[in-house]
Amino acid sequence: MSRRERHRARKRHEIKMAAVRLALASSPGEVTVDAISTAADIAPRTFFNYFSSKDEALTPDSNWTAQELLDLFNAQPADETPLRSLRGVAKQIADSYAPSPDELELWQRHPELLTLAQPEDEEEIFPALIDAVTERLGDASPHPIYPSLLVTSVFGAMHCAARASWSVPDKTVEDLVDEALDLLERGL
């Protein structure tokens with residue numbers, strides 16, 4: 001990331017944490033953009049440079065674009081199995097799914113916030129990775145639905161591992177991703 005991107009990410013996180021703290025002190029419904037802006041020491045107009053709504057500031061971030069995930073997949077060794085490559089991608093991005101203690105507390109108190117979170121280009125992520133897996137497999141695909149099943153299973157396992165990390169404090173998200181993908185690789 002460039003210096004500017006790091007600054008923007010840091011500022012976004014500061015605003016998000018101000019929103020989370022306010023929601024913990026009262027409730028998500030009582031939090032306003034003006035209150036978040038005041039707590040983060042920014043103008044309300046600046047808030048909208050980082051978030052489209054207060055709900056977005058209170059929900060899990062979707063940190064990865066389809067192109068970024070595709071680049072991570074393509075950076076894996078070409079002679080690796082697609083499962084091994086997707087495991088590498090999952091391990092690289094797993095930590096970004098680990099919430100702060102305040103976020104975790106907020107989402108445990110208000111699980112409805114979790115249903116509001118969706119990656120901006122979610123509809124592009126899976127098809128892009130499925131196409132990459134299909135291309136890597138070529139004629140070696142064991143079944144026409146295999147690439148789709150593989151991609152969705154790996155991301156489902158990663159999601160389960162990230163959620164499990166909320167209640168398993170002695171393991172990192174990366175450790176849990178490894179364990180979940182071991183189970184998947186063994187065929188459950």
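Contacts of Thr172 classified as side-chain contact (heavy atoms from CB on, under 4.5 Å), with partners at least two apart in sequence or in another chain: Glu174, Asp175. Looking at residues two or more places apart in sequence or on another chain, you find a side-chain hydrogen bond (donor to acceptor under 3.5 Å, both in side chains) between Glu179 and Lys171. Not counting sequence neighbours, Phe73 has no partner by the ring pair (Phe, Tyr, Trp, His ring centres under 6.0 Å) test. Not counting sequence neighbours, Arg8 has no partner by the salt bridge (Lys or Arg N to Asp or Glu O under 4.0 Å) test.
Val177 and Ala90 get closest at one heavy-atom pair: CG1-CB, 4.0 Å. Pairing each heavy atom of Lys16 with each of Ala57, the nearest pair is NZ-O, 3.0 Å. Across every non-hydrogen atom of Trp107 and Pro60, the tightest pair is CZ2-N, 3.4 Å. Here the closest heavy-atom approach between residue Ser26 and residue Val31 is recorded as OG-CG2, 4.2 Å. Between Leu24 and Arg109, the closest heavy-atom pair is O-NH1, 2.9 Å. Minimum interatomic distance between Ile36 and Ala18 (heavy atoms only, all atoms of both residues): O-CB, 4.3 Å.
Between Glu5 and Arg12 there is no salt bridge, since none of the side-chain N atoms of the basic residue sits less than 4.0 Å from a carboxylate O of the acidic one.
One hydrophobic cluster holds both Phe51 and Phe48 under the rule that ILVMFWY side chains link at heavy-atom gaps under 4.5 Å. Put simply, Leu104 and Leu176 are part of two different groups of oily side chains (I, L, V, M, F, W, Y) that touch within less than 4.5 Å, one to the next. Cluster annotation: Leu181 and Ile93 are assigned to the same hydrophobic cluster (Ile/Leu/Val/Met/Phe/Trp/Tyr, side-chain heavy-atom contacts under 4.5 Å, transitive). One hydrophobic cluster, built from ILVMFWY side chains closer than 4.5 Å, cannot hold both Val33 and Met17; they sit in different ones. One hydrophobic cluster holds both Leu69 and Leu86 under the rule that ILVMFWY side chains link at heavy-atom gaps under 4.5 Å.
Side chain of Thr46 to main chain of Ile42: no donor-acceptor pair is present (N/O by atom type, distance under 3.5 Å, no hydrogens or angles). With hydrogens and angles disregarded, no donor-acceptor distance shorter than 3.5 Å links the side chain of Ser141 to the backbone of Leu137.
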For residues 145-163, tabulate all N or O donor-acceptor pairs below 3.5 Å that involve a side-chain atom, not counting sequence neighbours.
from: Thr152; atom 1: OG1; to: Ser148; atom 2: O; distance (Å): 2.8
from: Thr152; atom 1: OG1; to: Leu149; atom 2: O; distance (Å): 3.3
from: Ser153; atom 1: OG; to: Leu149; atom 2: O; distance (Å): 2.6

With a 3.5 Å cut-off and sequence neighbours excluded, list the donor-acceptor pairs that the side chains of residues 74-82 form with protein atoms.
from: Asn74; atom 1: ND2; to: Leu70; atom 2: O; distance (Å): 3.3
from: Gln76; atom 1: NE2; to: Leu72; atom 2: O; distance (Å): 3.3
from: Glu80; atom 1: OE1; to: Ser85; atom 2: N; distance (Å): 3.4
from: Glu80; atom 1: OE1; to: Ser85; atom 2: OG; distance (Å): 2.8
from: Thr81; atom 1: OG1; to: Arg84; atom 2: N; distance (Å): 3.1

Start with the C-alpha gap between Thr32 and Lys54, add the side-chain angles, then the distance that decides, and say whether side chain to side chain contact (heavy atoms under 4.5 Å, CB included) holds.
CA-CA 7 Å; Thr32 65; Lys54 91 171 177 182; 6.0 Å; no
Would Asp131 and Leu129 count as a side chain to side chain contact (heavy atoms under 4.5 Å, CB included) here? Give the steps.
CA-CA 5 Å; Asp131 287 347; Leu129 287 171; over 6 Å; no
Side chain to side chain contact (heavy atoms under 4.5 Å, CB included) between Asp71 and Gln67, intermediate numbers included
CA-CA 6 Å; Asp71 291 345; Gln67 187 58 54; 2.7 Å; yes
Can you check side chain to side chain contact (heavy atoms under 4.5 Å, CB included) on Glu56 and Tyr50, steps first, answer last?
CA-CA 10 Å; Glu56 183 184 351; Tyr50 292 89; over 6 Å; no
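Environment of CG in Asp139: sparse, with no more than 12 heavy atoms of neighbouring residues, nucleotides or ligands closer than 6.0 Å.
Annotation: side chain of Arg10 is in contact with side chain of His7 (closest heavy-atom distance under 4.5 Å). Residues Arg87 and Asp178 form a side-chain contact, since some pair of their non-hydrogen atoms from C-beta on lies under 4.5 Å apart.
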